[in-house]
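Everything below concerns the one structure shown next.
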Amino acid sequence: MFTNVINLITIVIDLAFTFAIKIKSILDFSSLNYRDIKELSVHGRYISSSQLHSFLNSNSVRKKITFLGNSVASRPIHKITLGSGKINILMWSQMHGNETTTTKAVLDLVNYLNEESDLANQLLSSVTLTIVPVLNPDGAAIYTRENANKIDLNRDALELSQPESKILRVLYNEIKPDYCFNLHDQRTIFNVGGLEKPATLSFLAPAHDMDRTVSSGRGKSMKIIVAMHKALSAILPDQIGRYDDAFNPNCVGDTFQMLGTTTILFEAGHYAEDYEREKTREFIFYALVKAILVIARNEIQGYNMDEYFNIPENSKRYFDLMISNAQLINPKYDQNIGILYKEVLDEGAIIFNPYIEKTGNLQDCFGHKCLNCEDQNDFDFIKSNRKLNELLF
Ligand SMILES: [Zn+2]
């Protein structure tokens with residue numbers, strides 16, 4: 001009799017365990033049908049204000065937007081509100097005007113949640129999402145990091161000297177979010193740890209004090225990041241990094257974490273051959289869905305915070321283009337040239353202009369593209385490329 005009971009308990013535990021695993025793995029990204037929900041009106045690195053406003057004024061979105069205030073140059077800033085759940089999530093994108101990847105992903109997210117699938121409805125019954133798709137519309141218009149007063153809004157969290165900073169803070173005070181997502185792009189220079197792999201995604205659980213203490217709120221940020229890292233690593237192995245956690249209360253994420261809100265920094269980075277950041281946009285979309293899912297289903301405590309520290313930190317070892325044996329082009333160059341691309345707004349699109357960042361041995365550096373002047377094909381390519389020719393010869 002006793003053995004039977006033990007056996008029965010074992011079977012029940014096994015079943016429960018199998019069921020739990022099934023629930024955990026339920027989010028198969030391919031089931032989100034990304035192709036069908038992707039917002040096709042925005043593409044590439046530049047989003048014009050007319051593109052954004054035609055999205056905001058579309059039938060399925062119009063009723064969910066609220067005007068929050070104007071930027072320095074009197075451009076309107078809006079929020080989109082979705083869902084009716086008790087858990088409040090506030091996210092904002094394009095605080096830096098030239099960082100559009102997360103904005104594209106956020107529009108995709110709005111499309112997905114408006115689709116009224118079972119999963120979307122389930123999420124929206126648990127959470128209320130407040131989304132500011134573009135916090136810095138003046139910077140967005142001319143593709144600059146700063147706002148129209150040339151202020152970096154992510155260094156204005158304490159002073160609140162700019163109307164955009166005030167708008168975000170008033171919104172924060174009004175909705176008292178349980179979670180904040182601070183959405184950014186990062187440059188192509190970042191690799192993951194010591195690997196020759198670009199940091200396509202990076203995350204940070206911002207510190208809330210100089211000692212980088214792990215409060216329960218910050219611990220939750222770490223666990224949500226672990227959840228996203230686990231889910232995304234399956235489709236993006238070794239290309240997810242962790243950002244430096246030096247505390248700076250002028251940064252918005254650090255301030256909101258300091259005020260007690262679990263905050264996560266998302267950084268969209270480079271993926272091979274994807275300078276338009278369309279592939280990265282898709283990964284950010286998946287990361288957002290995963291984070292919201294973990295929060296909505298109250299699964300955060302199932303993740304191990306220690307695993308956050310196993311995510312490699314970012315390093316800065318990439319050039320966009322690495323040219324080796326450059327002395328064959330011009331004897332003034334010493335061995336290798338590390339070239340970066342400057343993103344320039346040109347008639348409504350972004351063009352990439354090469355400039356020399358560094359020359360010399362560059363032994364520990366990587367190139368997203370590598371050309372060797374000893375190779376005749378590479379040499380001919382450099383000679384025939386107008387921008388490289390002007391730069392190097
Ligand atoms: Zn940024």
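Atoms within a ligand are numbered from 1 in the order they appear, just like the ligands themselves.
Cation-pi geometry between Lys279 and Phe283 is met: under 6.0 angstrom from the ring centre, within 45 degrees of the axis. In this structure, Arg242 is not positioned above the aromatic face of Phe203 in the sense of NZ or CZ being under 6.0 Å from the six-membered ring centre and within 45° of the axis.
Sorted by first then second residue, the salt bridge (Lys or Arg N to Asp or Glu O under 4.0 Å) pairs that include residues 66-82, not counting sequence neighbours, are Arg75-Asp138, Lys79-Glu174. Applying the salt bridge (Lys or Arg N to Asp or Glu O under 4.0 Å) test to pairs two or more places apart or on separate chains, those with a residue in residues 93-114 are Glu99-Arg145, Lys104-Glu278, Asp108-Arg281.
As a member of the Ile/Leu/Val/Met/Phe/Trp/Tyr network built from side-chain separations under 4.5 Å, Phe393 groups with Tyr46, Tyr143, Tyr275, Leu321, Ile323, Ile329, Tyr333, Ile337, Ile339, Tyr341, Leu345, Ile350, Phe352, Ile356, Leu371, Phe379, Phe381, Ile382, Leu388, Leu391, Leu392.
Counting heavy atoms of neighbouring residues, nucleotides and ligands inside a 6.0 Å radius, atom NZ of Lys358 does not exceed 12 of them.
Listing protein N, O or S atoms at distances below 2.8 Å from the Zn ion (ligand 1), with waters left out, gives His96 ND1, Glu99 OE1, Glu99 OE2, His184 ND1.
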